[in-house]
Amino acid sequence: MSSGSNATIVLEVVDRLRKSWWTVVAGLCVGLACSVATLHYLPRTFKASTLIFVAPQSVPQEFVRSTVTDDMSMRLQSLKESVLSRPYLEQLANDYLGHTDDPVKLEMRVNDIRSRVEVDVIGVAMSGSGKTGGTFRLSYYDSDSKRAAAMVNALADSYIAQNLSSRTAQAEGTTKTVEGLAGDVSARLEAQQKLITEFRREHLYEIADQQNSNVSQLQGRQQDLNTNAVALAAAQDRLSSLKAQQSVLSHSPGTALEADPLTKAEGELVNLRNRYTDTHPEVIAKRHEIENLKAQMPATGTTPGDAAVSPLQAGIRSAEREVQRLQADELQIRKDIAEFKRRLEATPKYEAQLQDLMKGYSVLVEQYNRRAGSVEEARGAQKIEETQKGERFEVIERALPPAIPVRPVPMMIYAAGAIGGLVLFVGPLLVLALLEPLISSETGLREAAEVPVLVAIPRLMTDDLARSLRAGLTRNIAASAVSVVILIIASIMYR
């Protein structure tokens with residue numbers, strides 16, 4: 001089909017529509033009337049919405065840092081799943097849709113409520129640490145506008161309560177986790193401190209902390225040994241001198257000492273000691289003899305010759321006691337010197353063992369200090385959440401019963417009705433024009449003719465033609481009027 005033929009058809013269709021204008025009017029009016037009736041009978045759905053603001057933490061983050069740091073979208077999703085859990089929705093369905101004991105019907109209600117909830121994030125507040133708050137809209141769809149508002153307000157209250165519970169539980173869980181970590185570090189630190197303390201107690205004098213003290217005491221005891229040696233030598237010389245005098249007196253005839261067996265035995269013991277050591281059998285036997293003589297002395301401890309030789313005997317005994325004391329002191333000093341030398345020799349070994357025990361101790365102390373600080377921060381954050389000073393949800397616009405439904409959309413129904421009416425009334429003319437293309441106008445002829453049109457003969461107006469035209473016009477007007485009346489009636493009935 002050529003472009004000339006297409007243009008001819010279009011012109012003929014336009015001409016027929018101009019002559020049958022009533023079909024257009026009737027199609028629009030009838031289609032719109034059907035749209036009005038459809039809108040009346042179609043179930044309407046209302047959308048009730050409430051606006052919720054995520055208020056930031058009231059205490060500055062510089063003082064108390066929150067331990068609830070999940071992403072806003074993740075939190076909204078988790079809150080939605082928590083709020084729309086089955087137990088809560090069952091209670092909601094029983095409160096607003098009527099109580100039922102039928103489990104199947106209750107399940108259908110729960111699923112229906114869950115499918116009607118909608119959460120839209122409107123804005124998210126930003127800070128240096130990322131997403132901290134924002135605003136979101138909670139919506140609910142229902143055929144009853146009042147019930148929709150009541151349901152969405154109940155859901156909003158549940159969202160707020162669930163958020164507070166969730167944040168408090170999360171902060172508490174964080175605190176317990178941090179306390180557990182700190183407890184682990186504290187247990188390891190205490191165990192290592194116990195080992196170090198026990199080691200220090202067992203080797204108190206062998207570690208490096210006591211090295212200077214050991215050196216100082218060793219030097220002091222060596223000086224004491226030298227001093228004691230000088231004093232012992234002097235005491236031994238004095239004792240030897242006194243015993244020599246006693247020996248001279250004991251061998252002098254006519255002295256009172258001859259009648260004193262104890263004094264004589266002591267003099268003999270001095271002579272034996274000058275020749276033998278203290279472990280010699282004769283020295284040991286003489287000492288036993290002296291002990292037996294002393295045991296046989298009267299209780300007063302005096303002898304017949306004491307009055308004549310008491311000063312010398314007293315001096316000898318005093319000198320002996322002094323020598324014995326100095327010898328005992330020398331023995332003790334040598335033991336102390338040996339002990340201090342042992343400590344100094346053992347210091348490197350025990351210090352190395354102590355350093356092995358101390359490995360990682362400073363790291364544990366640092367970890368414990370960090371954990372202890374984290375525990376305090378976590379407890380502060382938990383306190384903030386428990387007192388509702390942290391990030392929280394606030395309803396800034398509660399839902400009211402909507403007056404206009406969101407479904408069905410009137411303009412879409414009206415457009416669909418108008419198009420349907422035109423198709424119903426105008427469509428047959430278009431189909432007829434396409435199936436039986438006739439040239440009934442001068443314009444169509446000019447487009448279709450290959451030769452120029454020289455003259456156009458107008459239609460001769462006869463009485464029959466005039467009556468036919470008036471009858472056709474009347475029918476068109478009547479049809480149009482009827483369609484308008486139908487539209488008016490539908491608008492009145494289904495408004």
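For the single chain, residues carry numbers from 1 onward in sequence order. As a basis for the values below, the full set of heavy atoms in this structure was taken, side chains included, without hydrogen atoms, waters or symmetry mates.
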Intermediate values then yes/no, side chain to side chain contact (heavy atoms under 4.5 Å, CB included), Leu364 and Gln192
CA-CA 9 Å; Leu364 282 177; Gln192 191 164 358; 3.0 Å; yes
Run the numbers on Val406 and Phe46 for side chain to side chain contact (heavy atoms under 4.5 Å, CB included), then give the verdict.
CA-CA 6 Å; Val406 293; Phe46 294 90; over 6 Å; no
Please assess Arg116 against Asp112 for the test salt bridge (Lys or Arg N to Asp or Glu O under 4.0 Å), listing each intermediate value before the final yes or no.
CA-CA 6 Å; Arg116 294 171 182 267; Asp112 183 59; 2.7 Å; yes
Check the pair Gln217, Ser213 against side chain to side chain donor-acceptor pair (under 3.5 Å), reporting the backbone distance first and the verdict last.
CA-CA 6 Å; Gln217 293 185 66; Ser213 176; 2.9 Å; yes
Show your reasoning for whether side chain to side chain contact (heavy atoms under 4.5 Å, CB included) applies to Arg188 and Val185.
CA-CA 5 Å; Arg188 288 189 291 162; Val185 177; 3.8 Å; yes
Would you check, one step at a time, whether the test salt bridge (Lys or Arg N to Asp or Glu O under 4.0 Å) holds for Arg221 with Asp224?
CA-CA 5 Å; Arg221 297 306 280 170; Asp224 293 343; 3.0 Å; yes
Residues Asp209, Arg200; criterion salt bridge (Lys or Arg N to Asp or Glu O under 4.0 Å); working and verdict
CA-CA 10 Å; Asp209 293 344; Arg200 285 180 178 273; 3.1 Å; yes
Between Glu339 and Lys335, does the salt bridge (Lys or Arg N to Asp or Glu O under 4.0 Å) criterion hold? Intermediate values first, please.
CA-CA 6 Å; Glu339 175 63 19; Lys335 288 181 179 180; over 6 Å; no
With side chain to side chain contact (heavy atoms under 4.5 Å, CB included) as the criterion, how do Lys194 and Glu190 come out once you've worked through the C-alpha distance, each side chain's angles and the decisive distance to 0.1 Å?
CA-CA 6 Å; Lys194 184 177 180 181; Glu190 289 179 359; over 6 Å; no
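Between Thr45 and Pro405, the closest side-chain pair of non-hydrogen atoms is not below 4.5 Å. Leu218 places a side-chain heavy atom less than 4.5 Å from the side chain of Gln222. Inter-residue side-chain proximity for Val25 and Ser483 is flagged as met; some heavy-atom pair is nearer than 4.5 Å. The shortest distance between side-chain heavy atoms of Ile196 and Met358 falls below 4.5 Å. Side-chain contact between Glu206 and Arg342 is present, with at least one heavy-atom pair separated by less than 4.5 Å. Using a 4.5 Å heavy-atom cutoff, the side chains of Pro43 and Ser143 are not in contact. Residues Glu330 and Leu326 are not in side-chain contact: their nearest non-hydrogen atoms beyond the backbone lie 4.5 Å or more apart. At least one side-chain heavy atom of Lys341 sits less than 4.5 Å from a side-chain heavy atom of Ile337.
In this structure a side-chain-to-backbone donor-acceptor pair under 3.5 Å is missing from Thr50 to Ala156. Using modelled atom types, one side-chain atom of Glu351 and one backbone atom of Ala208 make a donor-acceptor pair closer than 3.5 Å. Using a distance-only test at 3.5 Å, with no hydrogens or angles considered, no donor-acceptor pair links the side chain of Ser186 to the main chain of Ala182.
Heavy-atom minimum distance, Pro408 versus Ile413: CB-CG1, 4.2 Å. Of all the heavy atoms in Ile52 and Val395, the pair that sits closest is CG1-CG2, 4.3 Å. Nearest heavy-atom pair, Gly417 versus Ser35, reported as atom, atom and distance to 0.1 Å: CA-OG, 3.1 Å. For the residue pair Arg398 and Asn153, the shortest heavy atom distance occurs at NH2-CB, 3.2 Å. Scanning all heavy atoms of the two residues, the minimum distance from Leu400 to Ala149 falls at C-CB, 3.7 Å.
How far CG of Asp95 is from CZ of Arg147: 13.0 Å, rounded to the nearest 0.5 Å. Distance check, rounded to the nearest 0.5 Å: OH of Tyr96 to CG of Asp142 gives 12.0 Å. Atom-to-atom distance recorded for Asp336:CG and Gln332:CD is 4.5 Å, nearest 0.5 angstrom. Between the CE atom in Met151 and the CG atom in Asp144 there is a gap of 10.5 Å [rounded to 0.5 Å]. The distance from the CG atom of Leu28 to the OG1 atom of Thr23 is 9.5 Å, given to the nearest 0.5 Å. For the atom pair OG of Ser145 and CD1 of Ile404, the computed distance is 11.5 Å after rounding to the nearest 0.5 Å.
By the neighbour-count criterion of 12 heavy atoms within 6.0 Å, atom CZ of Phe199 is densely surrounded, having more than that number from other residues, nucleotides or ligands. Counted within 6.0 Å of CZ on Arg370, heavy atoms from surrounding residues, nucleotides or ligands total more than 12; the atom is thus considered enclosed. Residue Arg334 places its CZ atom among 12 or fewer non-hydrogen atoms of other residues, nucleotides or ligands, all under 6.0 Å distant. Within a 6.0 Å sphere centred on OH of Tyr414, other residues, nucleotides and ligands contribute more than 12 heavy atoms.
Counted by atom type alone, Gln219 and Gln223 present zero donor-acceptor pairs between their side chains at under 3.5 Å. No donor-acceptor contact under 3.5 angstrom links the side chains of Glu90 and Asn94, judged on distance only.
Arg343 forms no cation-pi arrangement with Tyr350, by the criterion of a distance under 6.0 Å to the ring centre and an angle within 45° of the ring axis.
No salt bridge links Asp102 with Arg109; every basic N to acidic carboxylate O contact stays at or beyond 4.0 Å.
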